[in-house]
Protein chains: 2
Amino acid sequence: MQRQQNLTKNQKIVLDVIEKSTEPLKAYSILSNVKKKGINAPPQVYRALDKLVDMGKIHKIESKNAFVACQNSNCKVSKAAAFSICESCEEVTEIDNSKISKYLSSFADKIGMKYKKYNLEFFGLCKKCK
Amino acid sequence: MQRQQNLTKNQKIVLDVIEKSTEPLKAYSILSNVKKKGINAPPQVYRALDKLVDMGKIHKIESKNAFVACQNSNCKVSKAAAFSICESCEEVTEIDNSKISKYLSSFADKIGMKYKKYNLEFFGLCKKCK
DNA sequence: CTCAACCATGTTATATTATTACATAACGTT
DNA sequence: AACGTTATGTAATAATATAACATGGTTGAG
Ligand SMILES: [Zn+2]
Ligand SMILES: [Zn+2]
Ligand SMILES: [Zn+2]
Ligand SMILES: [Zn+2]
């Protein structure tokens, strides 16, 4: 079990909240959102988040300590993700990473690293805000 | 003042500790390192860190909440940085980013973003560990 | 079946990271 | 000197994350 689907109860609850959100959610915000569903304490949330990240269902935006649902399907394989983050409206968008991923993995080869995954965060202004 | 060089006293102290370290330093570890120099409380450290990051003298490794001195000079201009992080020995190396930087900024253009900076973290095994 | 191993869950407490808020001092300009 | 601005000092607290331990369910070997 737990290799692909078959989420546990708490994982389902947490994933559901994240998927329904239009913005990255922080752990304690998730917690307060799921208190009514019987999740009472931080470890329950963090455990679910860890597993969901492992599975590639969600990503952590490191610069914000926040989590978003995966917006494409590549990540389930590559565990690598790229985001654009608008510094004005705070919008976070996952970049379809097939091209960038190829480039970056060849780059990793070049510098002699045995590459497993990467995290890329772009900051600037989105189409609307620029 | 404070546009390029001319660091303040606390900024100098903090930068010095970071430059002398062989590994990324966390804020509270910096704090305990500089207590003897008269820096007593978190805000003093965090304020210095913020400014040093702004100036491009140091970078924050977001996935570790830790700080390293800039290892190349491009960053003072571009405010963008890329790192390889070994998951075995924890070594963090700044990647000379001129090539990668060109590629990524053209990519940002393509997706319609007015790009200011980026943060890229590679995870895997370094030359020694692979 | 039964018990042992494993995994998910629940709960309390605590550790770690970061900021708010306010007070004081130093500095440059007029 | 009087003022605005920036740097500093300090105490308190907020926000993020983990440790440690207890309980409960499922499964599969014997
Ligand atoms: Zn994804
Ligand atoms: Zn925007
Ligand atoms: Zn740099
Ligand atoms: Zn290594």
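Lettering follows sequence order; numbering is per chain, from 1. Everything numeric in this text was worked out from a predicted model, so none of it was measured.
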I need the CG-C1' distance between A:D50 and C:dA8, as an integer number of Å. 14 Å

B:L7 CG - D:dT8 P separation (whole Å): 10 Å

Check for me, please, whether A:V68 and A:V17 land in the same ILVMFWY cluster - side-chain distances under 4.5 Å, paths through other members count. no

Does OP1 or OP2 of D:dT6 have a side-chain N or O of B:K9 closer than 4.0 Å? no

Give each protein N/O atom lying under 3.5 Å from an N/O atom of nucleotides 20-22 of chain C, with the pair distance.
none

Is B:Q44 close enough to D:dT8 that one of its side-chain N or O atoms is under 4.0 Å from OP1 or OP2 there? no

Write down the distance between CG (A:D54) and C1' (C:dC7), rounded to a whole number of angstrom. 15 Å

Of A:F67 and B:A41, the one whose closest DNA chain D nucleotide lies more 5': B:A41

Nucleotide D:dT16, atom P - distance to CD1 of A:I61 in whole Å: 15 Å

Could you tell me whether A:K64 and A:E90 make a salt bridge, using a distance below 4.0 angstrom between a side-chain N and a carboxylate O? yes

Does a side-chain N-to-carboxylate-O contact under 4.0 Å join A:D16 and A:K12? no

Does any residue of residues 24-40 of chain A have a heavy atom under 4.0 Å from DNA chain D, and if so, which ones, in number order? A:K26, A:Y28

In whole angstroms, how far is the P atom of C:dT16 from the NZ atom of B:K64? 16 Å

Looking at B:T8, I'd like to know whether one of its side-chain N or O atoms comes within less than 4.0 Å of OP1 or OP2 on D:dT8. yes

What do the steps show when you test B:F83 against B:N119 for side chain to side chain contact (heavy atoms under 4.5 Å, CB included), and what is the final call? CA-CA 8 Å; B:F83 302 91; B:N119 180 67; 4.2 Å; yes

Min side-chain heavy-atom separation B:Y103-A:L104 under 4.5 Å: no

D:dA7, OP1 or OP2 - any side-chain N/O from B:K51 closer than 4.0 Å? yes

Distance check needed: D:dG9 C1' versus B:N10 CG, whole Å only. 9 Å

Among B:N10, B:N40, B:I39, find the one that has a side-chain contact (heavy atoms from CB on, under 4.5 Å) with B:V34. B:I39

Please report the distance, rounded to the nearest Å, between CD1 in B:I13 and P in D:dA7. 15 Å

Side chain to side chain contact (heavy atoms under 4.5 Å, CB included) between A:F107 and B:I95, worked out: CA-CA 10 Å; A:F107 198 90; B:I95 297 171; 3.4 Å; yes

Please state whether the rings of B:Y115 and A:F122 are parallel, tilted or perpendicular, taking 30° and 60° as the class boundaries. perpendicular

Is B:K116 close enough and on-axis enough to A:F123, meaning under 6.0 Å and within 45°, for cation-pi? no

Verify the contact: side-chain N or O of A:N65 to OP1 or OP2 of D:dA17, cut-off strictly under 4.0 Å; return yes or no. yes

Report which part of the nucleic acid A:K60 touches: base, sugar-phosphate, or nothing (heavy-atom distance under 4.0 Å, all strands). sugar-phosphate

Rounded to whole Å, please give me the gap between OH in B:Y46 and C1' in D:dT16. 11 Å

Compare all side-chain heavy atoms of B:Y118 with those of B:I100 and state whether any distance is below 4.5 angstrom. yes

